[in-house]
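Structure first, then comments.
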Amino acid sequence: EFLPDWVIHCAAERRPDVADKNPEAAEALNAQVPNTLGQLSATYGFFLFYISTDYVFDGTKPPYEVNDTPNPVNFYGRTKRQGEVALESIEGPGQRVIVRVPVLYGPAKKNSDTAINILLDVVQDQSGKTYKMDHYATRYPTNTLDIAAFFHRLAAKFPAESCSVPIPSIIHYSSSEPFTKYEICLIFAKILGVGHEHIVPDSEEPKGEAAATRPKDCHLSTKVIEDTLKMDVRSRGFEDYWRGVIGKGEVEADVVY
């Protein structure tokens with residue numbers, strides 16, 4: 001009875017360590033569910049947008065264009081790539097679009113819901129505990145509010161009921177601000193006005209198995225949005241956003257807003 005025009009598939013097992021510990025569940029959610037939704041899209045003719053990840057790339061040759069060859073180096077990335085491949089193989093009515101994004105932050109019920117927000121807990125832990133923090137891999141944290149706004153603008157530009165021009169099958173959306181996790185911690189410490197001596201930077205290139213789980217730089221090129229869709233990539237400043245949030249007194253043990 002419910003016939004949507006658009007479906008945005010956001011659900012995923014996004015935690016690489018959890019995916020490694022429970023591979024069957026991760027593969028079901030990250031690969032099999034997109035396939036099922038893709039089949040439904042072809043049956044009922046709706047637009048399906050699959051939120052994928054920059055971790056389908058190995059991080060050795062950034063920035064990555066949408067047609068660059070994926071080479072995921074960890075199990076999480078491989079499951080997300082499986083979801084992409086499933087959608088790419090489906091033919092029929094409707095459209096199936098892969099939207100790759102980097103690490104995300106923004107409104108969350110608890111800080112542990114995102115790999116960025118959780119760093120607030122690390123910075124605020126002034127108990128004397130020491131944390132070793134990644135200062136090797138470059139990330140491009142992107143706000144979920146910006147991604148939501150992009151979809152709103154995309155829907156206005158390409159309404160499903162009258163869209164005669166196909167949307168590109170792969171889109172990259174990313175902020176352009178580069179940070180390591182250690183640098184993010186320094187920003188949080190500055191805004192919060194607390195010390196960061198308990199956070200130790202780890203700048204060493206990972207070796208052995210660790211090298212396969214920490215791509216150095218998976219920066220996504222946003223040329224398709226800018227050149228093909230003729231749209232702006234509107235990404236709010238990372239530090240400005242958090243100054244606004246923290247300045248309102250909304251950061252306690254968890255960020256809830």
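Just so you know, these numbers use all the heavy atoms, side chains as well, and skip hydrogens, waters and symmetry mates. Positions are given from 1, in the same order as the sequence printed here.
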Q: Kindly assign one of parallel, tilted or perpendicular to the pair His172 and Phe57, based on the angle between their ring planes and the thresholds 30° and 60°.
A: perpendicular
**Q.** Phe188 and Trp242: CA distance, side-chain angles, deciding distance, ring pair (Phe, Tyr, Trp, His ring centres under 6.0 Å) verdict
**A.** CA-CA 8 Å; Phe188 286 158; Trp242 284 108; 5.2 Å; yes
Q | Nearest-0.5 Å distance, CG of residue Leu37 to CD1 of residue Ile8 | A | 12.5 Å
(Q) Check for me, please, whether Phe75 and Val18 land in the same ILVMFWY cluster - side-chain distances under 4.5 Å, paths through other members count. (A) no
Q. If we only count heavy atoms from C-beta on, is the Leu145 to Arg236 side-chain gap below 4.5 Å?
A. yes
Q. Looking only at heavy atoms, what is the nearest atom pair of Leu87 and Ile98, with distance?
A. CD1-CG1, 4.4 Å
Q. Transitively linked via ILVMFWY side-chain contacts under 4.5 Å: Leu48 with Ile51?
A. yes
Q: Would you check, one step at a time, whether the test side-chain contact (heavy atoms from CB on, under 4.5 Å) holds for Asn35 with Ile90?
A: CA-CA 8 Å; Asn35 181 58; Ile90 296 172; 4.0 Å; yes
Q: Measure the shortest side-chain to side-chain distance between Val99 and Ser52 over non-hydrogen atoms and say whether it is less than 4.5 angstrom.
A: no
Q.
Under a 4.0 Å threshold between the charged nitrogen and the carboxylate oxygen, would Arg243 count as salt-bridged to Asp240?
A. no
Q | Joint cluster assignment, Val200 & Val123, ILVMFWY side-chain distance < 4.5 Å | A | no
Q. If every non-hydrogen atom of Asn117 is compared with every non-hydrogen atom of Ala108, which pair is closest and at what distance?
A. ND2-CB, 3.9 Å
Q. Where do Pro63 and Asp68 come nearest, in terms of heavy atoms and distance?
A. O-OD2, 4.0 Å
Q. Do Asn111 and Tyr105 get their side chains close enough for a donor-acceptor pair, meaning under 3.5 Å?
A. no
Q | Spacing of Phe158 atom CZ and Gln95 atom CD [to the nearest 0.5 Å] | A | 9.0 Å
Q: Mind checking the NZ-CG spacing from Lys190 to Leu186? Nearest 0.5 Å is all I need.
A: 9.0 Å
Q) Which pair of heavy atoms, one from Ser89 and one from Ala86, lies closest together, and at what distance? A) OG-O, 2.7 Å
Q. Do the non-hydrogen side-chain atoms of Phe179 and Val103 ever get within less than 4.5 Å of each other?
A. no
Q) Do Leu192 and Gln124 come close enough that some side-chain heavy atom pair is under 4.5 Å? A) yes
Q: Taking all heavy atoms of Ser112 and all of Arg14, pick out the closest pair and write down the distance.
A: O-NH2, 2.8 Å
(Q) Given 3.5 Å as the limit, does a donor-acceptor pair link the side chain of Asp134 with the main chain of Thr180, or not? (A) no
Report all side-chain donor-acceptor pairs from residues 19-26 shorter than 3.5 Å, counting only partners two or more places apart or in another chain.
residue, atom, partner, partner atom, Å
Asn22, OD1, Ala25, N, 3.4

Q: Taking only Lys NZ, Arg NE, NH1 and NH2, and the carboxylate oxygens of Asp or Glu, determine whether Glu88 and Arg81 approach each other closer than 4.0 Å.
A: yes
Q: For the residue pair Leu104 and Asn143, establish whether any side-chain heavy-atom pair is separated by less than 4.5 Å.
A: no
Q) Pick one: which of Phe46, Phe49, Tyr44, Tyr50 meets ring-ring contact (aromatic ring centres under 6.0 Å, His included) with Trp6? A) Phe49
Q.
Any non-hydrogen side-chain atom of Val224 less than 4.5 Å from a side-chain atom of Ile170?
A. no
Q: Hey, could you give me the SG/NZ distance between Cys218 and Lys61, rounded to the nearest 0.5 Å?
A: 13.5 Å
Q: Check whether Ile118 and Tyr55 end up in the same hydrophobic cluster, where Ile, Leu, Val, Met, Phe, Trp and Tyr are linked by side-chain heavy atoms less than 4.5 Å apart.
A: no
Q.
Test side chain to side chain donor-acceptor pair (under 3.5 Å) on Tyr64 and Asp58; report intermediate values, then the result.
A. CA-CA 10 Å; Tyr64 290 95; Asp58 58 18; 2.9 Å; yes
Q.
To check you understand the geometry: which heavy-atom pair defines the closest contact between Pro168 and Val97, and what is its length?
A. O-CG1, 3.3 Å
Q) Do any N or O atoms from the side chain of Lys129 and from the backbone of Gln126 form a donor-acceptor pair under 3.5 angstrom? A) no
Q. Is there a donor-acceptor contact under 3.5 Å linking the side chains of Arg96 and Ser41?
A. yes
Q: Decide whether Asn30 and Thr79 meet the rule of one side-chain donor and one side-chain acceptor closer than 3.5 Å.
A: yes
**Q.** Met133 and Leu119, any side-chain heavy atoms less than 4.5 Å apart
**A.** yes
Q.
Let me confirm one number: the CG-CD1 distance from Asp232 to Ile225, rounded to the nearest 0.5 Å.
A. 10.0 Å
Q: Output every pair passing ring pair (Phe, Tyr, Trp, His ring centres under 6.0 Å) with a member in residues 129-150, not counting sequence neighbours, ordered by first then second residue.
A: His135-Tyr182, Tyr140-His219, Phe150-Tyr173
Q. Roughly how far, to the nearest 0.5 Å, is the CD atom of Gln82 from the CD atom of Gln32?
A. 8.5 Å
Q: Answer whether the closest heavy-atom distance between the side chains of Lys80 and Arg100 falls below 4.5 Å.
A: no
**Q.** salt_bridge(Glu226, Lys223) N-O dist < 4.0 Å
**A.** no
Q: Let me know which of Val101, Ile147, Leu220 forms a side chain to side chain contact (heavy atoms under 4.5 Å, CB included) with Thr142.
A: Ile147
Q. Hey, quick one: are Val56 and Leu29 part of the same hydrophobic cluster, counting side-chain heavy atoms closer than 4.5 Å, chains of contacts allowed?
A. no
